[in-house]
2 protein chains.
Amino acid sequence: MTDFDRRQTRRRFGTNSVTMADVARVAGVSAQTVSRVLREPDSCSPQSVERVREAIRSTQYVQNHAASHLASNRSMTVVAVIPQIAASIFAETLQGLSNVLLEAGYQVIIGHSDYSHEREEAVVRNLLGRRPDAFFLVGTQHTEAVRGMLMRAAIPVVESWAWTDSPIDQLVGFSNEAALQEAVAYARRRGYARPTFVGSVRPGDDRARERLSGYLAGVARHYPGFVPRTVVAEDLPYTMTSGRVLLAAARQHHPDSDLLMFSSDLLAAGALLACEREGIAVPKQLAIMGFGDYEVASELNPGLTTIAVPTVRMGEEAARILIRRLRNETPATRTLDLGFELVARGSA
Amino acid sequence: MTDFDRRQTRRRFGTNSVTMADVARVAGVSAQTVSRVLREPDSCSPQSVERVREAIRSTQYVQNHAASHLASNRSMTVVAVIPQIAASIFAETLQGLSNVLLEAGYQVIIGHSDYSHEREEAVVRNLLGRRPDAFFLVGTQHTEAVRGMLMRAAIPVVESWAWTDSPIDQLVGFSNEAALQEAVAYARRRGYARPTFVGSVRPGDDRARERLSGYLAGVARHYPGFVPRTVVAEDLPYTMTSGRVLLAAARQHHPDSDLLMFSSDLLAAGALLACEREGIAVPKQLAIMGFGDYEVASELNPGLTTIAVPTVRMGEEAARILIRRLRNETPATRTLDLGFELVARGSA
DNA sequence: CTGTTAGCGCGTTCAC
DNA sequence: GTGAACGCGCTAACAG
């Protein structure tokens, strides 16, 4: 297009920012060559590469990602939906995911569901509009609409932080239920007589619900004849303060419990610190277990007996799987169990 | 274009997903009308709105964001660059930012700098390619290249978590230096004789550096004749474990210190728990102060004396300012000081 | 290895 | 209130 044509043409708005065509003009090549230098420099002559790179520097060109996305039908983004960002263990998984994906040129877009299936559905619908190349989800329980949308999108999906035999696509996780069964087995071995499950189980938090099931199954198996005891709130946030509140509730409802098994380390830590304040001896008078092996678990006095889960690795492995899928490599397996590990410390 | 033409035309790949034209066909209107119903339903007849909405439901249409971005030159995204995502207080700021921006239809894209100015520069350059409508940054110290890129981008920018008289564009924060000066004044009032600053100051962490300056200024003012004492690591992560390590270093270098002022609550918490383990009485034998008022501060025994900063509000206010700017409203002020508050508890 | 051509799906402009 | 035409900036396809 000549300058004359351009003047004739109805000009709309323009970004008035440097475009690939501008770079091409400066470098004395076609726009296509600029594009190729950016994406596969090996298929261009060294002179072209050098001239284009110099032109990019001198013009301060920044590639327009939306245009690239539209033309190539690849957005180079991966959406990750987690329950919560702030004060959340899922941020570690995100970090693992993001670190590996960034290496491969993918940007992670984060959505959060606030532990609600409805919000998750809204978030998935909304973020699907950004046409991500892949999806990462925390949890394996989703509404039918979510499953439907993601199947129809026909992109790789990895679920995590739980276990199921029928993932939407692929799964990198561990069994929350098996983890709590092992915790109950440990309690039995250590001779505790009346273990109580204490936790906050928010409506959309299936991981916590599976831990509760695991406790019940574990008691059935390892404590025959013992009636399981649970102290479960449905709306408490996962904070140390909630742990203090739940401790009080547990002591009121089951004053003779000798072990409290919390659904999260944060709750357990809050309870342990509250015990210290109130002069309740841990573990002598009351033992405490947590879940997650947060950093605080090893620093408390006594150290918190808990279950370590591969928070960062889940993100990293999920990213590796997604990258392989995006290269059209077929996956070896649909599911990857990263397991968990009981960490015995002083509190139980 | 007729079906015949379409057959003649070289067809590239297509997303084979539903487009606005498909919806228009089903609804019996033009694509323009579909677009209008989506963006400004009030300017369309109720019948059109209803028919289009029904067509969207039946086709399960999801708008292509990249195409919308390219055509309108608005990406409806805001980039936020924070030092770190996992185990980070900045996640709270992010939550505040994101909550308010989502309401207005903006998606937040997160980048992290790992406390490095070089990484920040790379991240800013990369994310600028997504043509965000606005930018949010933690910190006020950036490389010249970052400032240049953001000025040239000609979009609203909010910096936060610190203070400066010459922000790139706008600023929502507080003075880390003033905060530590106030902490030193408090120490003086409470009669401590040898307060020591203890912290990890990573290369790109200007906030921590400003706290250190604040300590030095506070000592000069409130402890005339006293030689300031600092125990500063440059590479320790901001964790409780580091707090334990720093406590040991502080006790070795300045065994007669009666107050340790940590640059972060996480470090202080780790130190306080380590004191408990080693039988050091807090605050009698050694007092401890933190920074940030993390949740753990109020749960520890004794409670941690610290400085509370408006983590969530900084994000919310930043979002409100950005939204106003994106509506082309002129800002009342360039800077917004949200202050801080000293919270006195048992540890000092 | 490089250039030409066409079109990705949408929003803006303008005419009705 | 609605539709037709056009182009946003880039890349796939093809030809040389």
Side-chain angles (χ1 to χ4, degrees), chain A residues 1 5-25 27-52 56 59 61-76 129-131, chain B residues 1-2 5-25 27-52 56 59 61-76 128-131:
Chain A
M1 188 190 279
D5 289 336
R6 183 172 288 277
R7 228 170 287 124
Q8 293 294 88
T9 309
R10 178 167 40 148
R11 201 81 176 83
R12 292 170 72 195
F13 41 83
T15 48
N16 76 14
S17 69
V18 183
T19 73
M20 203 171 253
D22 297 326
V23 175
R25 207 169 304 127
V29 297
S30 74
Q32 191 53 231
T33 301
V34 177
S35 174
R36 267 193 287 259
V37 167
L38 255 32
R39 286 174 300 108
E40 34 187 63
D42 293 344
S43 74
C44 304
S45 71
Q47 304 101 290
S48 293
V49 172
E50 196 35 57
R51 293 173 66 181
V52 167
I56 287 175
T59 56
Y61 170 69
V62 179
Q63 193 172 15
N64 185 322
H65 185 270
S68 164
H69 173 181
L70 190 58
S72 68
N73 198 28
R74 292 181 317 145
S75 64
M76 299 306 285
R130 306 191 99 88
R131 299 290 194 275
Chain B
M1 190 190 279
T2 67
D5 289 336
R6 183 172 289 278
R7 228 170 288 123
Q8 294 294 89
T9 307
R10 175 167 42 148
R11 199 85 174 82
R12 287 173 75 192
F13 43 81
T15 50
N16 76 11
S17 70
V18 184
T19 73
M20 206 171 249
D22 298 326
V23 175
R25 208 169 301 129
V29 297
S30 76
Q32 283 340 299
T33 303
V34 177
S35 175
R36 265 189 219 107
V37 167
L38 256 31
R39 284 173 302 109
E40 36 188 62
D42 292 344
S43 74
C44 306
S45 71
Q47 305 100 290
S48 291
V49 173
E50 196 35 58
R51 293 174 65 184
V52 167
I56 287 175
T59 55
Y61 170 69
V62 179
Q63 194 173 13
N64 185 322
H65 184 271
S68 164
H69 172 178
L70 191 57
S72 69
N73 198 28
R74 293 182 314 144
S75 64
M76 299 305 287
L128 228 30
R130 308 191 99 88
R131 297 291 193 275

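First the proteins, then the strands, lettered A, B, ... as listed; each starts at 1.
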Peer 1: Let me confirm one number: the CG-NE2 distance from A:N64 to B:H69, rounded to the nearest 0.5 Å.
Peer 2: 5.5 Å

Peer 1: Measure the distance from CG on A:N73 to P on D:dC10 and round it to the nearest whole Å.
Peer 2: 17 Å

Peer 1: Mind calculating the distance between CZ (B:R131) and P (C:dC10) to the nearest angstrom?
Peer 2: 21 Å

Peer 1: Mind checking whether B:N73 and B:R131 have side chains closer than 4.5 Å, heavy atoms only?
Peer 2: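 Not in contact.
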
Peer 1: Whole Å only: how far is the CE atom of A:M20 from the C1' atom of C:dG3?
Peer 2: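 Spelled out: CE on A:M20 to C1' on C:dG3 is 15 Å.
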
Peer 1: Is B:Y61 close enough to C:dG9 that one of its side-chain N or O atoms is under 4.0 Å from OP1 or OP2 there?
Peer 2: no

Peer 1: What are the two closest heavy atoms between A:D22 and A:S17, and how far apart are they?
Peer 2: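 Of all heavy-atom pairs spanning A:D22 and A:S17, the closest is OD2-O, 4.0 Å.
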
Peer 1: Under the side chain to side chain contact (heavy atoms under 4.5 Å, CB included) rule, collect the residues that match up with A:T33, sequence neighbours excluded.
Peer 2: A:V29, A:S30, A:R36, A:V37, A:S48

Peer 1: On DNA chain D, nearest-nucleotide positions of A:R36 versus A:A21: which is more 5'?
Peer 2: A:A21

Peer 1: To the nearest angstrom, how far is A:D22 atom CG from D:dG9 atom P?
Peer 2: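 Rounded to whole Å, this separation is 9 Å.
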
Peer 1: Any side-chain heavy atom of B:R130 sitting closer than 4.5 Å to one from B:S75?
Peer 2: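 No, their side chains stay 4.5 Å or more apart.
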
Peer 1: Specify the separation, in whole Å, of atom CG of A:N64 and atom P of D:dG9.
Peer 2: 7 Å

Peer 1: Any side-chain N or O of A:Q32 below 4.0 angstrom from OP1/OP2 of D:dA13?
Peer 2: no

Peer 1: So, A:R51 side chain and A:A27 main chain: donor-acceptor pair closer than 3.5 Å or not?
Peer 2: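 A pair under 3.5 Å: yes.
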
Peer 1: Among the candidates D:dG9, D:dG7, D:dG3, find the nucleotide nearest to the side-chain atoms of B:A71.
Peer 2: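 Nearest nucleotide to the side chain: D:dG7.
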
Peer 1: Is the phosphate of C:dT12, meaning OP1 or OP2, less than 4.0 Å from a side-chain N or O of B:S35?
Peer 2: no

Peer 1: Does C:dC10 have OP1 or OP2 under 4.0 Å away from a side-chain N or O of B:S68?
Peer 2: no

Peer 1: Scan residues 37-49 of chain B against DNA chain D and write down, sorted by residue number, each residue with any heavy atom closer than 4.0 Å; if none is found, say none.
Peer 2: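 Correct list: B:S43, B:C44, B:S45, B:S48.
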
Peer 1: What's the spacing between B:S72 OG and B:R74 CZ if we round to 0.5 Å?
Peer 2: 5.5 Å

Peer 1: In whole angstroms, how far is the P atom of D:dC6 from the CG atom of B:L70?
Peer 2: 18 Å

Peer 1: Please report, rounded to the nearest Å, how far the C1' atom of D:dG3 is from the CZ atom of B:R25.
Peer 2: 15 Å

Peer 1: Could you state the atom-to-atom distance from CE of A:M76 to P of D:dG9 in whole Å?
Peer 2: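 Distance, rounded to whole Å: 22 Å.
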
Peer 1: Looking at B:T33, does any N or O in its side chain come under 4.0 Å of the phosphate oxygens OP1/OP2 on D:dG3?
Peer 2: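 Yes, within the criterion.
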
Peer 1: With the side chain of B:Q63 defined as its heavy atoms from C-beta on, choose the nearest nucleotide among C:dT4, D:dC8, C:dG11.
Peer 2: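 Of the candidates, C:dG11 comes closest.
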
